[in-house]
Q: 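Below is one structure. I have some questions about it.
Just so you know, ligand 1 is whichever comes first in the structure, and atom 1 is the first atom listed for that ligand. As the structure is a prediction and not an experimental result, all values here were calculated from the model. Basis for what follows: all heavy atoms, side chains included, without hydrogens, waters or symmetry-related copies.
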Amino acid sequence: MSEPTKYVLSDSDIPKAWYNINPDMPLSPGPVLHPVTKEPVTPEFLSVLFPMRFIGEAVSMERYIEIPEPVREIYKLWRPTPLIRARRLEKVLDTPAHIYFKYEGVSPVGSHKLNTAVAQAFYAKEEGVKGFTTETGAGQWGTALSLACQMFDLNCEVYMVRVSYDQKPYRRIIMETYGANVTPSPSEKTKFGKSILAEDPQSRGSLGMAISEAVEAAVASEGEYKYSLGSVLGPVLMHQSVIGLEALKQFEMADEYPDVVIGCVGGGSNYAGFAFPFLREKFENGKDTRFIAVEPKACPTLTKGLYTFDYGDTAKMAPIVKMHTLGHSFVPPGIHAGGLRYHGMAPHICALHAHGDIDAVAIDQIPTFESAVQFARAEGIVPAPESAHAVRVAVEEALRCKEEGTERVIAFNLSGHGLLDLAAYDAYLHNQLEDYEYPMEKIEEAMKDLPQVDFEE
Ligand SMILES: Cc1ncc(COP(=O)(O)O)c(C=O)c1O
């Protein structure tokens with residue numbers, strides 16, 4: 001009998017609880033500080049922005065938190081997602097390695113982002129608010145939240161980074177199809193947006209600016225709207241843990257266990273969701289696995305950013321957290337992996353990196369697309385440019401196995417498909433892509449503007 005290629009679970013295998021890494025953290029991810037007082041935030045401050053249940057999850061020390069039934073019911077639309085053995089890619093690479101990928105692109109919106117969007121929308125509905133404000137870079141997060149809001153009959157106000165709004169009309173159209181209202185950021189709708197436009201009417205925007213606008217709009221609504229963030233925060237990482245929890249079961253079916261667990265990192269949510277359940281196996285059962293987070297050289301947060309306190313947004317309205325940062329004023333170069341262009345990184349990922357549990361590598365976009373195309377030709381799936389970073393490092397690992405003659409098990413998270421990112425593929429295929437390394441001088445410059453925090457841990 002031939003060996004399986006796909007490991008598919010049934011509805012009843014959708015996890016009943018998320019894995020919360022808080023009680024297992026070897027180093028504290030640090031406090032969340034008020035942007036003005038620089039003191040630890042109170043639940044009252046956070047409750048202006050986030051639903052209470054979400055805030056409770058952020059501080060919870062319970063290892064497993066039950067997934068509400070209405071959320072699990074919606075997960076059934078696309079979960080469990082398949083774990084696929086990339087046998088054809090293994091053949092092309094002629095490697096003894098076994099390559100597996102968890103495929104989150106099967107969600108209706110084409111990425112992992114819906115895993116948390118549905119949970120957050122459910123919490124907002126429970127609190128009886130009118131809707132959410134949010135930001136989106138490349139559009140993946142805005143798309144997910146638009147659909148989740150529609151499912152719970154909530155309004156969705158999306159501030160979309162100007163450059164993506166202009167370059168990616170299809171994402172805007174999907175969001176509008178799901179019923180969202182999409183505004184290019186910076187905009188005239190907020191004080192902060194106006195101030196940016198007054199200085200630079202041609203501003204291309206950034207995720208940090210769009211976050212500021214969305215936060216300002218939520219605060220100004222006086223309780224009618226909450227603000228939703230699609231990455232970085234603890235509860236978001238936790239909602240994504242369904243990815244790794246399912247993958248653990250699927251590896252049992254395959255009778256294998258990963259030696260290396262790879263994923264791309266923007267704010268850190270898809271990687272956390274995939275990797276943390278495997279990290280738990282390492283902490284609890286001594287499993288010997290290597291963890292690799294992959295980022296673009298154009299936005300090298302973990303590999304070059306300082307590990308310090310910084311604001312989550314450009315206007316200094318969002319809380320201050322301890323994270324690797326390129327500075328909150330970071331305006332990213334126009335690389336194609338839009339979802340990897342955030343100036344900061346999830347504090348949990350940073351703490352695990354500092355503790356030596358997660359390695360980080362930064363790669364260029366041309367080799368990234370080279371591997372994405374190789375993957376597409378072998379496996380048929382066109383990866384999202386963000387996810388392609390994980391593909392690249394998986395390929396490099398597989399080639400190392402070939403060189404060394406070792407049969408390691410490589411697992412990576414394919415966080416989304418790239419069917420709405422074809423312009424990026426077009427640029428690669430027609431030699432119009434350029435590599436770009438974010439210069440150290442710019443990072444040093446931005447560090448002059450960090451908040452002065454004397455918080456003692
Ligand atoms: C497909 C895809 N993968 C990865 C990311 C990066 O985000 P995170 O690190 O939170 O998973 C994004 C962000 O937009 C994305 O759209």
Q: Rounded at 0.5 Å granularity, tell me how far CD1 in Ile65 sits from CG in Asn22.
A: 8.0 Å

Q: Under a heavy-atom criterion of less than 4.0 Å, does Gly268 contact ligand 1?
A: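 Heavy atoms of Gly268 do come under 4.0 Å of ligand 1.
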
Q: Going by heavy-atom distance to atom 7 (O) of ligand 1, choose the closest among Glu104, Glu386, Lys113.
A: Lys113

Q: With heavy atoms under 4.0 Å as the rule, classify the contact between Asn270 and ligand 1 as side chain, backbone, both or neither.
A: both

Q: Determine whether the aromatic ring centres of residues Tyr425 and Phe369 are separated by less than 6.0 angstrom.
A: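 Ring centroids of Phe369 and Tyr425 are less than 6.0 Å from each other.
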
Q: Answer yes if the ring centres of Tyr7 and Phe251 are under 6.0 angstrom apart, and no otherwise.
A: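 Between Phe251 and Tyr7, which both carry aromatic rings, the centre distance is not below 6.0 Å.
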
Q: Would you mind telling me if ligand 1 is within reach of the side chain of Ser269, the backbone, both or neither, using heavy atoms under 4.0 Å?
A: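 Both parts.
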
Q: Can the ring centroids of His328 and Tyr311 be said to lie less than 6.0 angstrom from one another?
A: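 Yes, ring centres under 6.0 Å apart.
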
Q: Report the part of Val232 in contact with ligand 1, treating N, CA, C, O as backbone and CB onward as side chain, heavy atoms under 4.0 Å; options are side chain, backbone, both, neither.
A: neither

Q: Go through ligand 1 atom by atom and flag the ones less than 4.0 Å from a non-hydrogen atom of Gln140.
A: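 With Gln140 as reference, the close atoms of ligand 1 come out as 1 (C), 16 (O).
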
Q: Which atoms of ligand 1 are found less than 4.0 Å from any heavy atom of Leu340?
A: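 Near Leu340, meaning under 4.0 Å from one of its heavy atoms, ligand 1 has 6 (C).
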
Q: Using a strict cut-off of 4.0 Å, indicate which atoms of ligand 1 neighbour a heavy atom of Ala384.
A: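 Listed by number with element, the hits are 1 (C).
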
Q: Does a side chain donor of either Glu57 or His239 reach within less than 3.5 Å of an acceptor in the other side chain?
A: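 Note: Glu57 and His239 side chains meet the donor-acceptor criterion.
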
Q: If the cut-off is 4.0 Å to any non-hydrogen atom of Val265, which atoms of ligand 1 fall inside it?
A: 9 (O)

Q: Which option out of Ser415, Gly267, Gly266 puts a heavy atom nearest to atom 2 (C) of ligand 1?
A: Ser415

Q: For Pro258, does its backbone N or O pair with a side-chain atom of Thr289 as donor and acceptor, under 3.5 Å?
A: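 Such a contact is found between Thr289 side chain and Pro258 backbone.
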
Q: Step through it carefully: locate the ring centre of Phe291, locate the ring centre of Phe278, and say whether they are under 6.0 Å apart.
A: no

Q: Scan Gln140, Lys168, Arg171 and name whichever one has a side-chain hydrogen bond (donor to acceptor under 3.5 Å, both in side chains) with Asp421.
A: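 Among Gln140, Lys168, Arg171, the one meeting side-chain hydrogen bond (donor to acceptor under 3.5 Å, both in side chains) with Asp421 is Lys168.
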
Q: Aromatic contact between Phe101 and Phe412, with the criterion being ring centroids under 6.0 Å apart: yes or no?
A: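 That pair passes the under 6.0 Å test.
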
Q: With a cutoff of 4.0 Å, is Cys264 in contact with ligand 1, counting heavy atoms of the residue only?
A: yes

Q: In ligand 1, which numbered atoms sit nearer than 4.0 Å to a non-hydrogen atom of Ser231?
A: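 Here the atoms of ligand 1 in question are 8 (P), 10 (O).
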
Q: Backbone, side chain, both or neither: what part of His112 comes under 4.0 angstrom of ligand 1, heavy atoms only?
A: side chain

Q: Note the single closest protein heavy atom to atom 6 (C) of ligand 1, along with its residue, its atom name and the distance in Å.
A: Gly339 O, 3.4 Å

